[in-house]
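Just so we're on the same page: letters track the sequence lines, and every chain starts at 1.
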Amino acid sequence: MADQLPSRSENFAEWYNQIVQRADLADYGAAKGTMIIKPYGYALWENIQAYLDKRFKQHGAKNAFFPTFIPVSYIHKEKEHVEGFSPNLWLVTAGGGETLEEAYAVRPTSETTINSTVGNWIQSYRDLPLLLNLWNSCFRYELRTRLFLRTSEFLWQEGHTFHATWDEADAYSRAILNDAYLDFYINAAALPVLAGKKSEREKFPGADITYTLEGLMGDGRALQSCTSHNLGSNFAKSFDIRYLNRSNELEYVASTSWGLSTRAVGAILMTHGDDKGLLMPPRIAPIQLVIVPIFRKESEQQAVLEAAKRIQRDLDNYRVELDAREGLTPGFKYNDWEMRGVPIRLEIGPKDIEKNQVVLVRRDTGEKKFVPLAHLLDEVKQMLNNIHDTLYARAKKFQDDNTFIVDSYEEFKERTAGEGGAGFLLAHWCGDRDCEEAIQKETRATLRVIPFDRVKETGKCVRCGNASEGRVVFAKAY
RNA sequence: CGGGGCGUAGCGCAGUCCGGUAGCGCGCUUGGUUUGGGACCAAGAAGUCGGAGGUUCGAAUCCUCUCGCCCCGACCA
């Protein structure tokens with residue numbers, strides 16, 4: 001009897017820490033705060049990459065690579081940027097046993113290194129827009145780390161685009177948010193998120209506007225699930241990136257940057273799943289269907305394995321694993337794959353072969369279904385879509401059930417008291433930065449997002465009582 | 001940086017108080033019986049006790065120093 005996982009409802013943090021390692025997703029690296037992503041976890045990331053990469057390319061972005069080392073003086077060129085990132089910077093001060101004349105920053109993000117280069121690529125409006133995306137890792141010194149959610153080095157993509165006008169840059173950063181990220185979270189990850197803007201205080205250092213998607217995790221804490229920034233001409237001015245417009249006048253370009261990291265993996269794990277373990281959203285699940293062959297005698301073994309292999313071939317449009325491990329009972333395998341979150345289990349044994357059928361079991365509901373071989377393909381297709389819809393609906397219900405309209409600061413404080421998450425708190429806010437900061441200090445909740453679709457509604461700031469024109473979303477966040 | 005915990009076999013731990021030549025469970029290997037919801041029996045393999053120095057006839061155990069990791073707070077994708 002294997003030991004039980006901690007219960008998700010009783011000890012969410014411990015559930016998360018254990019499942020990540022037990023399901024073979026990731027492990028701790030040797031250096032503090034670093035992460036080893038194991039094949040099962042990396043496969044999930046690869047599926048995320050594939051989904052997003054396609055959408056970025058549909059929006060014209062092309063992949064490139066920029067160096068990990070950035071002369072530290074570059075980082076200092078944009079004032080807000082350096083202030084925002086210096087606490088997180090890793091510095092390389094020596095190479096080949098010699099102290100470097102100028103230290104290198106290990107990229108916390110590539111705005112500075114990109115901007116210092118593309119100025120030479122852009123001379124006229126004919127060179128615009130310039131649309132780049134980088135798949136790389138970046139490095140941020142962190143005091144407290146957690147696998148996938150916050151590590152000193154993490155994988156991500158960072159898009160960087162350059163446009164003729166502020167409006168065009170704005171439209172592009174919104175398009176990526178909606179057509180790539182939001183589409184991904186809803187249609188691939190089965191994860192409902194709130195789309196909107198960050199406050200001035202929470203926005204990216206160096207951005208005019210930061211757009212974001214905020215998810216609500218199983219413990220009621222919010223997680224910033226990606227960001228997309230309209231950088232305006234802030235970096236263009238710092239790095240002097242100008243182009244000749246149609247009227248032969250020099251103008252600063254407007255730029256964007258946008259990123260989604262391996263934190264998305266954490267979001268998926270923390271949203272779906274139960275006390276049995278993970279629940280991978282079907283469209284990006286590393287394994288969509290696992291075949292567990294069942295036999296008693298050796299004489300049965302061959303026939304069952306052959307049938308299983310035939311089924312695997314028939315399902316080659318899907319990511320299918322045949323669990324032919326010897327010496328493990330079927331019951332053990334059921335539990336093992338349930339823990340790893342494989343959406344569908346297919347059982348096949350001698351009785352099924354006789355009847356030309358298989359058994360399909362859904363991970364989300366536990367429902368068991370006998371399916372004639374002739375209908376298998378249709379059934380698998382339908383079931384995967386169905387599981388996706390169920391996961392989304394469940395997560396949406398959880399989000400709705402944990403979203404609260406709060407009109408008094410007393411209630412705000414009550415809801416944010418204690419250790420756990422507080423859900424999404426919809427409250428009026430005056431728009432003042434100091435007031436926002438005070439709310440965080442007094443309640444530990446931060447302003448997560450100003451939703452695009454908020455209703456216009458006059459009200460009074462939940463803390464100071466000044467006028468407000470709509471509700472914003474507060475939460476305790478990761 | 002503050003607070004807490006922990007480094008002993010791949011993993012989880014006992015042994016440390018009171019020094020005497022390293023043990024348990026899981027996992028692993030081999031053989032056999034099993035196999036439709038976490039199988040069982042038997043025989044094995046596996047550890048410079050985080051590191052350095054010291055005390056001692058003798059150190060996982062006592063002393064000094066050191067390194068690392070995890071968890072909880074302040075900063076953050």
Side-chain angles (χ1 to χ4, degrees), chain A residues 1-5 11 13-14 16-18 21-22 24 27-34 83-89 107-109 137-158 181 198 201-205 207 210 212-215 222-229 257-267 276-277 292-298 300-301 304 323-339 345-353 357-359 361 366 368 370 419 437 440-441 444 446 448 477-478:
Chain A
M1 190 71 178
D3 355 45
Q4 293 291 312
L5 272 170
N11 195 345
E14 200 44 39
Y16 180 84
N17 286 339
Q18 289 203 20
Q21 291 191 66
R22 286 214 210 168
D24 283 322
D27 209 339
Y28 297 100
K32 180 183 169 133
T34 60
E83 282 171 7
F85 276 109
S86 40
N88 295 101
L89 271 195
R107 71 165 159 256
T109 179
S137 67
C138 69
F139 300 78
R140 298 185 189 171
Y141 182 83
E142 295 289 354
L143 297 170
R144 278 200 59 198
T145 58
R146 272 187 101 188
L147 293 178
F148 288 117
L149 299 175
R150 185 177 302 105
T151 47
S152 292
E153 179 184 11
F154 57 91
L155 300 181
W156 73 344
Q157 58 68 217
E158 41 173 328
Y181 296 149
K198 285 287 189 189
R201 184 165 173 267
E202 292 281 337
K203 75 180 186 184
F204 178 77
T210 289
T212 182
L213 301 178
E214 294 286 324
L223 185 79
Q224 178 173 305
S225 305
C226 66
T227 47
S228 185
H229 316 291
S257 68
W258 26 279
L260 180 145
S261 71
T262 35
R263 177 175 256 198
V265 172
K276 288 179 173 180
V292 179
I294 290 152
F295 44 82
R296 290 162 190 272
K297 305 167 221 145
E298 229 164 282
E300 292 171 345
Q301 177 174 355
V304 170
D323 187 356
R325 287 179 292 177
E326 289 175 28
L328 296 175
T329 61
F332 180 90
K333 292 180 181 180
Y334 298 166
N335 286 288
D336 194 40
W337 293 112
E338 279 166 3
M339 189 261 295
R345 175 174 80 239
L346 185 155
E347 303 169 15
I348 180 161
K351 290 184 226 163
D352 303 310
I353 292 176
Q357 67 173 23
V358 296
V359 181
V361 182
K368 204 172 206 178
F370 296 89
E419 281 310 299
E437 191 174 341
Q440 176 175 2
K441 288 220 168 98
R444 280 199 236 151
T446 49
R448 302 315 303 160
Y478 274 96

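- With a cut-off of 3.5 Å on both pairing distances, B:rU34 has no Watson-Crick or G-U wobble partner at all.
- If you measure from atom OH of A:Tyr334 to atom P of B:rG36, you get 7 Å, rounded to the nearest angstrom.
- A:Glu300 and A:Lys351 are not joined by a salt bridge, as no carboxylate oxygen comes within less than 4.0 angstrom of a charged side-chain nitrogen.
- No donor-acceptor distance shorter than 3.5 angstrom exists from the side chain of A:Thr212 to the backbone of A:Ser228, with no hydrogens or angles considered.
- Base pairing of B:rU48: no nucleotide in any strand meets the Watson-Crick or G-U wobble criterion (both distances under 3.5 Å).
- A donor-acceptor contact shorter than 3.5 Å is absent between the side chain of A:Ser257 and the backbone of A:His229.
- Residue A:Arg444 is in sugar-phosphate contact alone, with no base atom involved, counting any heavy-atom pair closer than 4.0 Å across all strands shown.
- Residue A:Leu147 comes nearest to A:Asp27 through the heavy atom pair CD2-O, 3.8 Å, listed as atom of the first residue, atom of the second, then distance.
- For the P atom pair drawn from B:rU55 and B:rU48, the interatomic distance equals 25 Å after rounding to whole Å.
- Between A:Ile294 and A:Ser225, the residue anchored closer to the 5' end of RNA chain B is A:Ile294, taking for each the nucleotide with the nearest heavy atom.
- One P atom belongs to B:rG50, the other to B:rU8, and the distance between them is 6 Å to the nearest Å.
- Taking atom P on both nucleotides, B:rG73 is separated from B:rG15 by 30 Å, rounded to a whole Å.
- Base contact: A:Glu347 has a heavy atom under 4.0 Å from a base atom.
- No donor-acceptor distance shorter than 3.5 angstrom exists from the side chain of A:Thr446 to the backbone of A:Arg448, with no hydrogens or angles considered.
- Here A:Glu338 lies in heavy-atom contact (under 4.0 Å) with a base.
- If you take atom C1' in B:rG10 and the same atom in B:rA45, they sit 13 Å apart, rounded to whole Å.
- Across B:rU21 and B:rC49, the matching C1' atoms stand 13 Å from one another, rounded to whole Å.
- Across all strands shown, B:rC1 is found opposite B:rG73 as a Watson-Crick or G-U wobble partner, with both distances under 3.5 Å.
- When the nucleotides B:rC76, B:rA74, B:rG38 are ranked by their closest atom to the side chain of A:Phe332, B:rG38 comes out on top.
- Between B:rA42 and B:rG51, the distance separating the two C1' atoms is 41 Å to the nearest Å.
- The side chain of A:Thr329 approaches B:rG38 more closely than any other nucleotide in the set B:rG38, B:rC75, B:rA74.
- In terms of polar N and O atoms assigned as donor or acceptor, the side chain of A:Asp352 comes within less than 3.5 Å of the base of B:rG36 in a complementary pairing.
- At a threshold of 4.0 angstrom between heavy atoms, the contacts of A:Lys333 with the nucleic acid are absent.
- Among the protein residues, A:Phe154 comes within range of the nucleic acid bases, having at least one heavy atom under 4.0 Å from a base atom.
- For the P atom pair drawn from B:rG58 and B:rG20, the interatomic distance equals 15 Å after rounding to whole Å.
- Atom C1' of nucleotide B:rU30 and atom CD of A:Glu326 are separated by 14 Å, given to the nearest angstrom.
- Using N1 to N3 plus N6-O4 or O6-N4 for Watson-Crick, or N1-O2 and O6-N3 for G-U wobble, each under 3.5 Å, B:rC62 pairs with B:rG54.
- Taking atom NZ of A:Lys351 as the reference point, atom P of B:rU35 lies 12 Å away to the nearest angstrom.
- At whole-Å resolution of the value, CD in A:Gln21 and P in B:rG10 are 16 Å apart.
- The distance from atom CG of A:Leu223 to atom C1' of B:rC76 is 12 Å, rounded to the nearest whole Å.
- A:Thr329 contributes a side-chain N or O that, together with a main-chain N or O of A:Phe332, makes up a donor-acceptor pair within less than 3.5 Å.
- Whole-Å rounding puts the A:Leu328 CG to B:rU34 C1' distance at 12 Å.
- For A:Pro108 against A:Cys138, the heavy-atom pair with the smallest separation is O-SG, 3.5 Å.
- Nucleic acid contact for A:Ser86: none, since no nucleic acid atom lies under 4.0 Å from a heavy atom of the residue.
- Atom CG in A:Asn335 sits roughly 14 Å away from atom C1' in B:rU35 (whole-Å rounding).
- Atom-to-atom, CZ of A:Arg140 to P of B:rC75 comes out at 17 Å; the value is rounded to the nearest Å.
- Across B:rA14 and B:rA9, the matching P atoms stand 12 Å from one another, rounded to whole Å.
- For the pair A:Thr210 (side chain) and A:Phe204 (backbone), a donor-acceptor distance under 3.5 Å is present.
- Among the nucleotides B:rC71, B:rU35, B:rC75, the one closest to the side chain of A:Arg146 is B:rC71.
- Within 4.0 Å of A:Asn88, counting heavy atoms only, lies no atom of the nucleic acid at all.
- For A:Asn17, whose side chain is taken as the heavy atoms from C-beta onward, the closest listed nucleotide among B:rC76, B:rG37, B:rC71 is B:rC71.
- Residue A:Val292 is classed as having no contact, given no heavy-atom separation below 4.0 Å to the nucleic acid.
- With a cut-off of 3.5 Å on both Watson-Crick or G-U wobble distances, the partner of B:rG68 is given as B:rC6.
- Looking at heavy-atom distances under 4.0 Å, A:Leu149 makes contact with a base.
- Pair assignment for B:rC13 gives B:rG23, based on Watson-Crick or G-U wobble hydrogen-bonding distances that are each under 3.5 Å.
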